[in-house]
Structures are given as C-alpha cells and as structure tokens.
Amino acid sequence: MIARALMLSGLILSAGLYSSRAGTAEVSAPRESLANMPRVVGAWSDPVDLPLDREVREVLGVDDYINRTYVNAAAQPVNLYIGYYGSQRQGDTIHSPQNCLPGAGWQPVEGGPTTLDLGGRRLTVNRYVIQKGLDRQVVLYWYQGRGRVVANEYANKFWLMVDAARLHRSDGALVRVVAPVTRSASGSLAAADAATAEFTRTMFPLLPRFLP
C-alpha cells in the first residue's frame with residue numbers, strides 16, 4: 001500500500017511537470033521502421049506478417065507496428081507484436097494488454113512479473129497465462145522507449161511524464177511476445193514458456209534500432 005501511495009504521489013507530481021511543459025516541441029529520436037525487423041531471429045524464421053484491420057489500428061492509435069509470427073525447427077510458433085507511438089501527448093497512449101485481452105475473450109489464469117536472464121542483463125517483464133475455451137497462451141510484455149524498459153504500467157506512466165518534462169519526448173512502445181500451448185504430443189506450458197523466453201533473449205538486442 002505504501003509503495004502504491006508513493007507511486008501515485010509521483011504520478012501527480014510528474015503530471016504537473018508534464019502539463020507545465022505541454023507546449024514545448026517534442027524531440028524525435030532517429031529510428032528504423034518496424035517493417036525492417038529481421039525476418040530471421042536466431043532459430044526463428046518462416047515469418048508470417050499479420051496486418052491489423054484499419055479499425056483496430058485506429059483504436060490503438062499506433063504510428064508504427066509489427067505483428068508477425070515466427071516458427072522454430074520444432075514447429076513452435078511465437079508471435080511478436082510491437083506497437084510504437086511517436087507521441088503520447090495527443091491522446092494516443094499505449095493500451096495495456098490487461099485491458100485488451102479480456103475484450104478479445106482471453107482470460108488470465110495466472111500472471112505477474114518475471115525476470116529473464118539475457119546473458120549479462122536481467123530483464124523484468126510481465127508474464128501471463130491466458131485462456132479462451134480450450135486454448136491457452138503464454139504472454140510476455142513490457143513497455144520500451146526513451147532508453148527505458150519498464151514492466152509496471154504505473155511506473156511506465158511515471159517515467160513517461162518525467163521524460164516528457166526532462167527530455168521533451170513522449171514516444172514509446174508496447175512489446176508483446178506470445179506462444180500458444182500447442183496440442184501436439186510435445187506441446188506443454190513449459191514448452192511455450194521456453195519458447196517465449198528464448199525468442200525474447202534473441203530478439204531483445206535488436207530493439208534499440210527501432211525503439212531508441
């Protein structure tokens with residue numbers, strides 16, 4: 001409770017800073033289009049791009065995105081979605097998967113923060129197991145931009161306001177990695193967990209090109 005109260009106090013203070021600098025021109029950091037994301041990521045290849053419907057893009061308000069499924073040699077698919085916002089000052093803000101997934105019929109059955117070892121760096125992300133009918137998926141997601149990687153939604157909003165005031169930047173992105181729990185003989189929750197973790201370890205070093 002104390003930690004949450006401190007976070008809310010910080011958000012209120014940062015909101016004041018954010019509002020006071022709202023008229024300041026934003027700085028745009030050079031970046032590559034997400035369309036240039038490599039089509040082979042380590043052991044993952046055979047990508048299939050899944051364009052979002054126009055209505056969905058309008059609701060999300062993204063300025064750039066990738067929605068692509070890769071497959072490894074064991075036929076385990078992994079979907080990568082990144083939604084990038086060049087500015088979050090005009091009402092277009094990142095939609096939390098915790099709000100979007102239930103609207104699509106997926107319900108979380110377990111979840112919380114988890115830490116991945118990237119070989120010299122510890123990356124904290126959100127991990128959820130979601131279910132719709134008999135289908136289950138493992139979801140990893142986090143917020144990234146302006147040189148920051150943040151798992152917690154409230155912390156992300158706090159740093160967005162701080163960076164808007166200090167750096168004149170409000171760009172950022174949601175990064176989401178999803179692996180279905182397949183119904184094959186080798187399919188299991190552990191296999192989906194391993195797939196999302198392995199793909200993230202391989203893909204993560206590429207992100208600064210697209211999310212500076």
Side-chain angles (χ1 to χ4, degrees), residues 25-97 99-101 103-104 106 116 118 121 123 125-126 128 137-151 153 156 159-160 163-164 167-180 192 195-212:
E26 290 198 59
V27 175
S28 298
R31 55 177 294 274
E32 288 190 48
S33 168
L34 288 166
N36 294 333
M37 177 68 70
R39 301 187 68 81
V40 176
V41 179
W44 305 85
S45 59
D46 296 327
V48 176
D49 288 302
L50 306 169
L52 300 177
D53 293 339
R54 179 175 58 83
E55 293 80 3
V56 174
R57 295 198 307 271
E58 290 177 352
V59 170
L60 292 176
V62 292
D63 295 304
D64 189 15
Y65 79 93
I66 183 173
N67 188 30
R68 179 181 293 172
T69 296
Y70 295 81
V71 181
N72 66 6
Q76 170 69 60
V78 167
N79 176 262
L80 171 65
Y81 169 80
I82 304 174
Y84 171 80
Y85 298 76
S87 172
Q88 297 181 72
R89 285 186 171 180
Q90 306 302 320
D92 288 330
T93 57
I94 296 174
H95 292 241
S96 170
N99 298 326
C100 298
L101 291 173
W106 292 95
L116 302 178
L118 301 186
R121 173 174 182 173
L123 176 67
V125 302
N126 299 293
Y128 280 84
Q137 298 182 338
V138 174
V139 180
L140 301 183
Y141 75 90
W142 64 93
Y143 305 96
Q144 186 163 342
R146 310 179 309 280
R148 302 186 188 279
V149 178
V150 181
E153 182 177 354
N156 180 61
W159 288 114
L160 169 63
D163 292 342
L167 307 176
H168 315 304
R169 291 178 59 186
S170 66
D171 54 301
L174 171 73
V175 184
R176 187 186 69 198
V177 178
V178 180
T196 55
E198 178 189 345
F199 181 84
T200 298
R201 292 189 190 99
T202 307
M203 177 271 301
F204 184 79
L206 304 172
L207 292 182
R209 294 163 46 186
F210 309 96
L211 309 175

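Owing to the predicted nature of the structure, the values given are computational and were not obtained by experimental measurement. In this chain, residues are counted from 1 in sequence order.
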Undergrad: Measuring from Y141:OH to Y128:OH, what's the distance to the nearest 0.5 Å?
TA: 4.5 Å
Undergrad: If every non-hydrogen atom of A75 is compared with every non-hydrogen atom of P77, which pair is closest and at what distance?
TA: O-CD, 3.2 Å
Undergrad: From L52 CG over to N67 CG, what is the distance, rounded to the nearest 0.5 angstrom?
TA: 5.0 Å
Undergrad: Do the side chains of L116 and L140 get nearer than 4.5 Å, heavy atoms only?
TA: yes
Undergrad: Might you point out which heavy atoms bring V62 and G83 nearest each other, and give the distance in Å?
TA: CG1-CA, 3.9 Å
Undergrad: For the atom pair CD (E58) and CG (D53), what is the distance rounded to the nearest 0.5 Å?
TA: 10.5 Å
Undergrad: For the atom pair CZ (F210) and CG (L34), what is the distance rounded to the nearest 0.5 Å?
TA: 6.5 Å
Undergrad: Is there side-chain contact between T200 and W142, with heavy atoms separated by less than 4.5 Å?
TA: yes
Undergrad: Should V125 and R176 count as side-chain neighbours, where that means a heavy-atom distance under 4.5 Å?
TA: no
Undergrad: Please report the closest heavy-atom contact between A179 and V78, naming both atoms and the distance.
TA: CB-CG2, 4.1 Å
Undergrad: Donor-acceptor pair, Y85 side chain versus L60 backbone, under 3.5 Å?
TA: yes
Undergrad: Taking side chain as C-beta onward, heavy atoms only, is V139 less than 4.5 Å from P97?
TA: no
Undergrad: Between A43 and E198, which heavy-atom pair has the shortest distance, and what is it?
TA: CB-OE2, 4.2 Å
Undergrad: Looking only at non-hydrogen atoms, find the nearest pair between F204 and P208 and report the distance.
TA: O-CD, 3.8 Å
Undergrad: Determine whether P212 and R146 make a side-chain contact, defined as any pair of heavy atoms from C-beta on separated by less than 4.5 Å.
TA: no
Undergrad: For R148, enumerate each residue passing the side chain to side chain donor-acceptor pair (under 3.5 Å) test, keeping only those at least two apart in sequence or located in another chain.
TA: D163
Undergrad: Under the side chain to side chain donor-acceptor pair (under 3.5 Å) rule, what pairs show up with a residue in residues 26-42, not counting sequence neighbours?
TA: E26-S87, E26-S170, R31-D64, E32-R209, R39-D49
Undergrad: Enter the distance from S96:OG to N126:CG here, rounded to the nearest 0.5 Å.
TA: 8.0 Å
Undergrad: My understanding is that only residues two or more places apart in sequence, or in another chain, count here; which of them pass side-chain contact (heavy atoms from CB on, under 4.5 Å) with V27?
TA: H168, R169
Undergrad: Can you name the side chain to side chain donor-acceptor pair (under 3.5 Å) partners of T69, sequence neighbours left out?
TA: N79
Undergrad: Does A173 have any side-chain contact (heavy atoms from CB on, under 4.5 Å) partners at least two apart in sequence or in another chain, and if so, which?
TA: I82, Y84, L211
Undergrad: Evaluate the side-chain proximity of R68 to V41: yes if any heavy-atom separation is below 4.5 Å, no if none is.
TA: no
Undergrad: Atom CH2 in W44, atom CE in M203: separation rounded to 0.5 Å?
TA: 11.0 Å
Undergrad: Using every non-hydrogen atom in the two residues, find where Q137 and V178 come nearest and quote the distance to one decimal.
TA: OE1-CG1, 3.3 Å
Undergrad: Tell me every residue that passes ring-ring contact (aromatic ring centres under 6.0 Å, His included) with Y143, counting only those two or more places apart in sequence or in another chain.
TA: none
